[in-house]
Number of protein chains: 2
Amino acid sequence: MTTIKDVAKRAGVAVSTASLALNQSERVSPSTAEKVMKAAQELQYRKNGWARDLKMQKTQMIGLILHDLSGPFYASIIKGIEQTLLSYGYGLIACSTLGETLGTAERFLHERRVDGVIIFSSDIKDQTLIDVSREDFPVVVMDRVLSHPYLYSVTAHNHQGGYQAAEYFIKRGHKAIGYISGPANNLDSQLRLKGFSQCLADYHFADVPTKWHIRGDYSQQGGYQAARLLIEQGNLPTGLFVSNDEMAFGALKAFAEAGVRVPEDLSVIGFDDVELSQYVRPSLTTIKQPKFEMGSLAAHKVIQHLQGDAPKEHSVLPTELIERESSV
Amino acid sequence: MTTIKDVAKRAGVAVSTASLALNQSERVSPSTAEKVMKAAQELQYRKNGWARDLKMQKTQMIGLILHDLSGPFYASIIKGIEQTLLSYGYGLIACSTLGETLGTAERFLHERRVDGVIIFSSDIKDQTLIDVSREDFPVVVMDRVLSHPYLYSVTAHNHQGGYQAAEYFIKRGHKAIGYISGPANNLDSQLRLKGFSQCLADYHFADVPTKWHIRGDYSQQGGYQAARLLIEQGNLPTGLFVSNDEMAFGALKAFAEAGVRVPEDLSVIGFDDVELSQYVRPSLTTIKQPKFEMGSLAAHKVIQHLQGDAPKEHSVLPTELIERESSV
DNA sequence: CTGTTAGCGCCTTCAT
DNA sequence: ATGAAGGCGCTAACAG
């Protein structure tokens with residue numbers, strides 16, 4: 001392992017000089033600079049980023065903790081985060097909390113390996129986040145709202161989104177309305193349901209009967225199975241709100257297989273507006289979350305905090321119903 | 001920023017003792033251990049991961065460099081990598097090469113921030129990989145094949161996959177065959193095309209005429225536009241091979257909109273077997289890459305190398321045609 | 001069982 | 001313009 005020392009020795013200069021040269025400082029003569037560069041080249045020198053960070057007391061990197069690194073839902077959010085971070089000269093490194101053990105995520109959280117983190121994974125407990133956030137380690141959550149110093153949140157207005165879905169059904173004259181919800185421990189899902197029920201109540205409709213309220217897990221398979229359940233009960237609703245697009249895709253598959261026509265027999269509304277929503281057949285009516293903006297805003301908050309600018313604690317971004325072919 | 005020194009002082013012990021206690025060593029008496037723990041608690045001590053890594057000369061983390069952190073195609077690969085890494089006690093951190101600047105990716109590559117890397121992004125040049133790989137920094141590429149010490153590769157048998165697609169069309173009696181390829185600089189795409197053409201030649205078919213060979217960019221939009229182009233030419237082929245599933249989704253949308261019936265008027269075959277392929281309508285016939293295995297194998301190679309076990313340099317995994325509704 | 005000492009690789013005053 | 005020395009936070013001999 002060749003270090004800056006080796007480079008200095010080979011170039012015949014002091015370590016400090018080598019350091020300066022390697023960092024393009026002006027304070028070193030062109031000739032020595034060149035010598036150093038040449039030596040570095042010859043020795044295949046690679047700087048050790050962590051040693052530098054240790055000295056500098058910062059990494060210029062923000063950690064992103066996701067439940068599932070590759071969920072389609074995260075796509076735009078990540079882009080939003082990445083772009084904003086980049087514009088401030090920060091890098092993004094991501095990890096997931098998929099495996100039982102929180103491995104890497106823990107290390108980001110507990111070992112000061114990044115300058116701040118953005119979290120979108122309900123696998124991390126509230127208490128952990130509270131414990132871990134501090135003045136020089138801001139935390140932004142995107143899947144819940146937590147009030148604590150150094151802890152910020154950016155979420156979509158899930159309640160509103162649920163409300164919009166219900167209102168759509170009501171205004172279109174649907175009477176028989178069903179709901180496929182997300183994981184029980186998931187706050188987003190709870191809020192969507194709450195908004196949905198609220199709207200039903202506001203319009204003096206009965207709440208969704210339990211036989212039409214199936215719990216899913218936000219996966220395509222889960223949506224498929226939930227829809228199968230609905231189908232096997234006979235007697236389908238005419239409007240079905242599925243609390244995320246992925247499950248909606250699974251549900252659409254199940255309906256297609258069972259010969260249930262969407263939207264003729266059954267209108268389906270999803271949630272998220274994943275890119276693919278417009279590509280499935282029938283294309284999916286859905287509640288859009290402003291994902292790119294959410295990501296961008298989350299990144300802004302981390303950076304602003306790091307720069308001492310005290311950003312707004314909680315931001316809730318509006319949702320929007322996007323009508324496509326799956327509903328009528 | 002509270003350090004281990006502060007903890008030691010507060011607990012009234014030496015730094016080394018504190019270190020031992022904090023790392024659950026047996027060599028420290030329960031009573032002192034407790035004192036240390038208590039002090040750490042009170043001071044809200046967080047260990048500094050980099051300092052530890054610096055000392056230990058390893059991070060126990062592998063970097064994953066993707067073109068686009070959230071492409072659906074990566075989903076299974078990431079799971080494969082993650083699971084294997086985990087079983088060896090390694091963590092995974094990922095970054096993308098999306099923004100113009102390779103920012104974080106560069107830092108992984110050049111600054112020894114991880115113990116090894118796995119790469120699936122054609123944004124990184126061959127030469128960079130060659131320069132950067134070394135005995136104590138193994139590199140595994142998944143989007144190309146490179147021969148160099150400390151550089152390993154895991155790919156799907158893209159040539160074979162292309163061949164399978166063509167053979168399917170031929171055996172089903174298709175005479176008019178089209179092709180939507182990927183980005184020009186993409187090796188995978190080139191191989192798929194080559195395999196496809198090879199098969200055509202083997203069966204004494206003419207190669208795909210240029211008017212039916214459209215270049216895409218592996219995105220849904222790209223696939224959509226490519227298909228539009230095909231449609232506007234009038235005169236469609238009866239069999240269309242699209243070199244990845246994402247583009248195929250876009251193409252299916254274009255065909256649906258234009259009233260081209262799939263598979264009655266036109267059979268479509270994709271490539272990858274992304275999870276969603278089975279959920280779109282019509283579900284997509286596609287060439288499956290063993291993504292999970294590929295990821296797992298890539299991870300194994302990094303680890304094996306790190307453990308001094310000299311893994312096989314190149315691995316090419318077989319593809320498989322999965323027939324669904326989009327072809328006949 | 002615990003403390004002393006010596007770095008890991010790097011950057012940065014402070015001299016020269 | 002360059003060099004010497006100190007230290008970031010941590011761990012690991014080596015003594016005691």
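Chain A is the first sequence line, chain B the second, and so forth, proteins listed ahead of strands; every chain is numbered from 1.
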Any chance the side chains of B:Asn186 and B:Gln190 put a donor and an acceptor closer than 3.5 Å? no

Mind checking A:Ser29 for me? I need base, sugar-phosphate or nothing, with any heavy atom below 4.0 Å counting as a touch. sugar-phosphate

Rounded to the Å, how far apart are B:Met56 CE and D:dT11 C1'? 5 Å

Indicate yes or no: at least one non-hydrogen side-chain atom of A:Phe108 is less than 4.5 angstrom from one of B:Ile93. yes

Interatomic distance where CG belongs to B:Leu54 and C1' belongs to D:dA12 [whole Å]: 14 Å

B:Gln57 CD - D:dT11 P separation (whole Å): 14 Å

Would A:His110 and A:Glu106 count as having a side-chain donor-acceptor pair, cut-off 3.5 Å? yes

Suppose we call two aromatic rings close when their centres sit under 6.0 Å apart. Are A:Phe120 and A:His67 close by that rule? no

With distance as the sole criterion, do the side chain of B:Ser19 and the base of D:dA12 form a donor-acceptor contact below 3.5 Å? no

By nearest-heavy-atom nucleotide on DNA chain C, the more 5' of B:Glu26 and A:Arg46 is B:Glu26

NZ of A:Lys55 versus C1' of D:dG6: gap in Å, rounded? 7 Å

Closer to the 5' end of DNA chain C via nearest nucleotide, is it B:Ser16 or A:Asn23? B:Ser16

Distance, rounded to the nearest Å, where B:Leu20 contributes CG and D:dT11 contributes C1': 8 Å

Rounded to the Å, how far apart are B:Trp50 CH2 and D:dT11 C1'? 17 Å

Return the value, rounded to whole Å, for the distance between atom NZ of A:Lys5 and atom P of D:dA5. 13 Å

So, B:Ser31 and B:Ser29: side-chain donor and acceptor under 3.5 Å apart, yes or no? yes

Atom pair distance, as rounded to whole Å: CG in B:Asp6 and P in D:dC8: 10 Å

Looking at A:Arg27, does any N or O in its side chain come under 4.0 Å of the phosphate oxygens OP1/OP2 on D:dA1? no

Could you work out, with side-chain contact (heavy atoms from CB on, under 4.5 Å) as the rule, every residue matching A:Leu129, not counting sequence neighbours? A:Ile119, A:Ile124, A:Val139, A:Val141, A:Arg144, A:Leu146, A:Leu151

Side chain of A:Val13 only, please: which of D:dG3, D:dA12, D:dG6 is the nearest? D:dG3

Does anyone know the first and last nucleotide of DNA chain C in reach of chain B, 5' to 3', at under 4.0 angstrom to a heavy atom? C:dC1 to C:dG9

Carefully, step by step, assess A:Thr84 and A:Ser87 under the rule side chain to side chain donor-acceptor pair (under 3.5 Å). CA-CA 5 Å; A:Thr84 315; A:Ser87 74; 5.7 Å; no

